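Count residues from 1 along the sequence. Since we're looking at a predicted model, the values are computed, not measured.
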Amino acid sequence: MSIRSFPTPRDVYIGMSFVAAPLLVLAYGILRLLDGMDGVRGPGVAWTTGHVAFLIGLLLFGPVVLGLRRMVTGRTTGLKLTATGSTVIALLGLAASVGQIVIDLVVGMRAADHPEMSRLFEQVQGYAGVKPAFYTVGPVLFYVGLLALVVLLAMAKPPRVGGWSPVLIVVGTTVMAVDLDLLPIGAVCYWLALAPLGWRVAQGEAQHGPVDRADRPALA
């Protein structure tokens with residue numbers, strides 16, 4: 001059985017972040033597909049709206065990462081170091097991803113058309129370190145750290161999340177890495193992995209309680 005307590009405003013905020021962050025990424029993925037229906041992406045309303053949604057979603061993943069860290073319990077030094085290291089890695093990746101989206105938004109707002117936007121991207125990414133920091137290496141750290149935290153919670157005794165949660169994170173990350181057009185599918189995987197846990201936190205259930213049947217995603 002899980003232990004319940006009266007939810008604090010922080011519980012509600014963190015719990016709703018678990019639910020809302022993947023949904024905002026889903027919104028970005030859908031708007032991205034709509035933006036590309038004419039063969040090019042950006043600049044325009046769909047580009048800007050989608051990136052704003054993605055930016056808010058990324059910012060909400062900050063409380064998600066910190067919330068996951070709070071749920072990792074254990075007295076061994078190795079576990080504490082692993083959890084803290086995973087949190088730092090995830091937050092660094094989030095910072096890189098936020099930087100990427102800010103660059104994309106600024107370029108999209110400055111460019112009058114797609115060719116100019118492409119030229120501005122080449123100019124910005126031409127600066128030393130920008131591409132690996134914000135586009136290729138840096139953002140990957142978020143997914144590595146997030147997966148590590150979810151794995152730690154799934155391996156806890158008793159488990160804090162179901163064993164399906166790390167699998168969904170891996171599947172979601174993989175499909176997004178294979179093709180960004182599959183980003184909505186990846187976002188749904190993240191939602192299924194994180195939202196049930198978010199509802200528990202938002203409702204005031206103790207963050208250190210074991211996983212129960214309510215945490216299993218309804219797939220049918």
| Polar side-chain atom of Q123 near backbone of R119 as donor-acceptor pair, under 3.5 Å | no
| Counting distance only, does the side-chain N/O of T49 pair as donor-acceptor with the main-chain N or O of V45 below 3.5 Å? | yes
| Looking only at atom types and distance, does a side-chain atom of Q100 sit under 3.5 Å from a main-chain N or O of F134, one as donor and one as acceptor? | yes
| query | Between CG of D35 and OG1 of T48, what distance do you get to the nearest 0.5 Å? | reply | 9.0 Å
| note | For P159 and A154 the tightest heavy-atom approach is CB-O, 3.5 Å
| message | Would you say T73 and R160 are linked by a side-chain donor-acceptor pair, where the criterion is simply a distance under 3.5 Å? | response | yes
| said: With a 4.0 Å cut-off on N to O distance, would you call D179 and R32 a salt bridge? | reply: no
| note | On a heavy-atom basis, the closest approach of A193 and S165 is O-OG, 3.5 Å
| message | Check the orientation of F54 and Y28. Use parallel for under 30°, tilted for 30 to 60°, and perpendicular for over 60°. | response | parallel
| query | Shortest non-hydrogen contact from L149 to R69? | reply | CD2-CA, 4.4 Å
| field | Atom pair CG (L147) and CD1 (I89), whose distance is rounded to the nearest 0.5 Å | value | 11.5 Å
| said: Ignoring hydrogens, what is the shortest heavy-atom contact between A202 and M16? Give both atom names and the distance. | reply: CB-CE, 3.5 Å
| Side chains of T173 and Y190, donor plus acceptor under 3.5 Å | yes
| field | Joint cluster assignment, L105 & L59, ILVMFWY side-chain distance < 4.5 Å | value | yes
| message | Has W191 got a side-chain atom pairing as donor or acceptor with L26's backbone, closer than 3.5 angstrom? | response | no
| Is there a donor-acceptor contact under 3.5 Å from the side chain of H114 to the main chain of G42? | yes
| remark: Rounded to the nearest 0.5 Å, the CG atom of L66 sits from the CG atom of L91 at a distance of 5.5 Å
